[in-house]
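One structure is given below, encoded as structure tokens.
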Protein chains: 2
Amino acid sequence: MRPFKHPAPDQFVLERVLYALSDPVRLEVVQRLAQVAEASCGELDGGRPKSSMSHHFRVLRDAGLVCTYGVGTSHMNSLRREEMDSRFPGLLTAILGNKGT
Amino acid sequence: MRPFKHPAPDQFVLERVLYALSDPVRLEVVQRLAQVAEASCGELDGGRPKSSMSHHFRVLRDAGLVCTYGVGTSHMNSLRREEMDSRFPGLLTAILGNKGT
DNA sequence: TGAGTTGTTCGATTTTATTCGAACAATGGA
DNA sequence: TCCATTGTTCGAATAAAATCGAACAACTCA
């Protein structure tokens, strides 16, 4: 399985990150990933079509918010919190409404 | 001059705020307003058509980011920083502290 | 190898946003 | 009052995103 392309932190673009998180579906995915550390695509679709979710995951990946890697037949996703924090300190914390870093 | 409608902080919607700031033009306006306290629309257009800017100001207003009031023939805009901070603590600070590279 | 699972990619449709000229409204000054 | 200034609103064209079915690809397991 060919790995997905993930941008490096210095390639993160603020506008792109904000745009990715401005969609309710994607924001929900990120909020859930902030709690579970990692989850498959299937666990994160809200009963939505797989093709739609695949699109949303790609937007999140391209923005640098999410890391996706294949595990067996499924794809696991995790929040790139440290990298996002290093590039945009405090941003994810503010958006996720968390108290810790 | 009829005043514009400005949402109360408890009506701010995170997705809407993020969306408003995901546009380069609007983000630039907010970044400049963070430095000058207030400015007219004309001072903030980058030579762009007034009708386009009027649209962007409306998006920023509706999201709760900006307050607009008439002064003479011009409209003054200011960042609603305290109110945004009260609703989404740390968000504006995080966004304004990172201009992107 | 063949079937079942998971998710991607493609393609088309629908929806939503951006852009900007032109007309309009409000204001202040001569 | 007339005129210049400032910005809004309208309307249409353009551009960009979201949606989702269908076909495809990668993997596991029997």
Side-chain angles (χ1 to χ4, degrees), chain A residues 1-7 13-30 32-33 36 38-79, chain B residues 1-7 13-30 32-33 36 38-79:
Chain A
M1 173 182 296
R2 85 201 121 116
F4 289 105
K5 182 189 62 176
H6 296 94
V13 177
L14 181 57
E15 289 92 324
R16 203 178 293 264
V17 173
L18 298 179
Y19 178 76
L21 294 173
S22 73
D23 181 275
V25 175
R26 293 191 292 259
L27 180 58
E28 183 190 333
V29 165
V30 168
R32 290 192 54 189
L33 280 179
V36 300
E38 76 175 22
S40 67
C41 297
E43 293 174 303
L44 295 169
D45 66 21
R48 288 169 231 276
K50 293 174 182 302
S51 55
S52 295
M53 291 309 295
S54 192
H55 161 71
H56 288 305
F57 279 114
R58 187 168 59 75
V59 173
L60 289 172
R61 259 196 317 271
D62 291 349
L65 283 159
V66 161
C67 172
T68 306
Y69 60 100
V71 175
T73 63
S74 67
H75 287 181
M76 295 305 281
N77 304 277
S78 61
L79 198 56
Chain B
M1 172 183 293
R2 84 201 122 93
F4 288 105
K5 181 189 62 176
H6 296 94
V13 177
L14 181 57
E15 290 93 323
R16 205 179 293 263
V17 173
L18 298 178
Y19 178 76
L21 294 173
S22 72
D23 180 274
V25 176
R26 293 191 292 258
L27 181 58
E28 184 190 332
V29 165
V30 168
R32 292 192 52 190
L33 280 179
V36 300
E38 76 175 22
S40 67
C41 297
E43 292 173 305
L44 295 168
D45 65 24
R48 289 169 234 275
K50 294 175 182 298
S51 55
S52 296
M53 291 309 295
S54 191
H55 160 71
H56 288 306
F57 279 114
R58 188 170 57 75
V59 173
L60 289 172
R61 260 196 317 270
D62 291 348
L65 283 158
V66 161
C67 172
T68 305
Y69 60 99
V71 174
T73 64
S74 67
H75 287 180
M76 295 305 281
N77 304 277
S78 61
L79 198 56

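These numbers come from a predicted model, not from an experiment. Every chain is numbered from 1, with letters handed out A, B, ... down the list of sequences.
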Nearest-Å distance, OH (Tyr69(A)) to P (dA26(D))?
-> 20 Å
5'-most by nearest nucleotide on DNA chain C - Pro49(B) or Ser40(A) = Ser40(A)
Between dT8(D), dT8(C), dA18(D), spot the one nearest the side chain of Ser54(B), thanks.
-> dT8(D)
At under 4.0 Å, does any side-chain N or O of Ser52(B) touch on OP1 or OP2 of dT18(C)?
-> no
Ion pair present between Arg32(A) and Glu38(A), side-chain N to carboxylate O less than 4.0 angstrom?
-> no
State, with a plain yes or no, whether a side-chain heavy atom of Ser54(B) is found less than 4.5 Å away from one of Ser51(B).
-> no
Whole angstrom value for the distance that separates P of dG7(C) from CZ of Phe57(A) | 8 Å
For side-chain contact (heavy atoms from CB on, under 4.5 Å), just list the numbers for Val25(B) and Arg48(B), CA-CA rounded to whole Å, side-chain angles, deciding distance to a tenth of an Å, and then say yes or no.
-> CA-CA 10 Å; Val25(B) 176; Arg48(B) 289 169 234 275; 3.7 Å; yes
Do any side-chain nitrogens or oxygens of His55(B) fall under 4.0 Å of OP1 or OP2 in dT19(C)?
-> no
Whole angstrom is fine here: how far is it from NZ in Lys50(A) over to P in dA25(D)?
-> 18 Å
How many Å lie between CG on Asp23(A) and P on dT19(D), as a whole number?
-> 6 Å
dA17(D) P sits how many Å from Arg48(A) CZ, rounded?
-> 19 Å
When you measure from the side chain of Thr73(A), which nucleotide among dG4(C), dT8(C), dG28(C) comes out closest?
-> dG4(C)
Got a donor-acceptor pair under 3.5 Å from the side chain of Ser51(A) to the base of dG21(D)?
-> yes
So, is His56(A) near the phosphate of dT19(D), with a side-chain N or O under 4.0 Å from OP1 or OP2?
-> yes
Between atom CZ in Arg26(B) and atom P in dT18(C), what is the gap in whole Å?
-> 4 Å
Could you check if a side-chain atom of Arg26(B) sits within less than 4.5 angstrom of a side-chain atom of Phe57(B), using non-hydrogen atoms only?
-> no
Let me know the distance between CG of Leu60(A) and P of dA18(D), rounded to the nearest Å.
-> 10 Å
Start with the C-alpha distance between Thr68(A) and Met76(A), add both sets of side-chain angles, then the distance that settles side-chain contact (heavy atoms from CB on, under 4.5 Å), and finish with yes or no.
-> CA-CA 6 Å; Thr68(A) 306; Met76(A) 295 305 281; over 6 Å; no
Nucleotide dC20(C), atom C1' - distance to CE of Met53(B) in whole Å = 13 Å
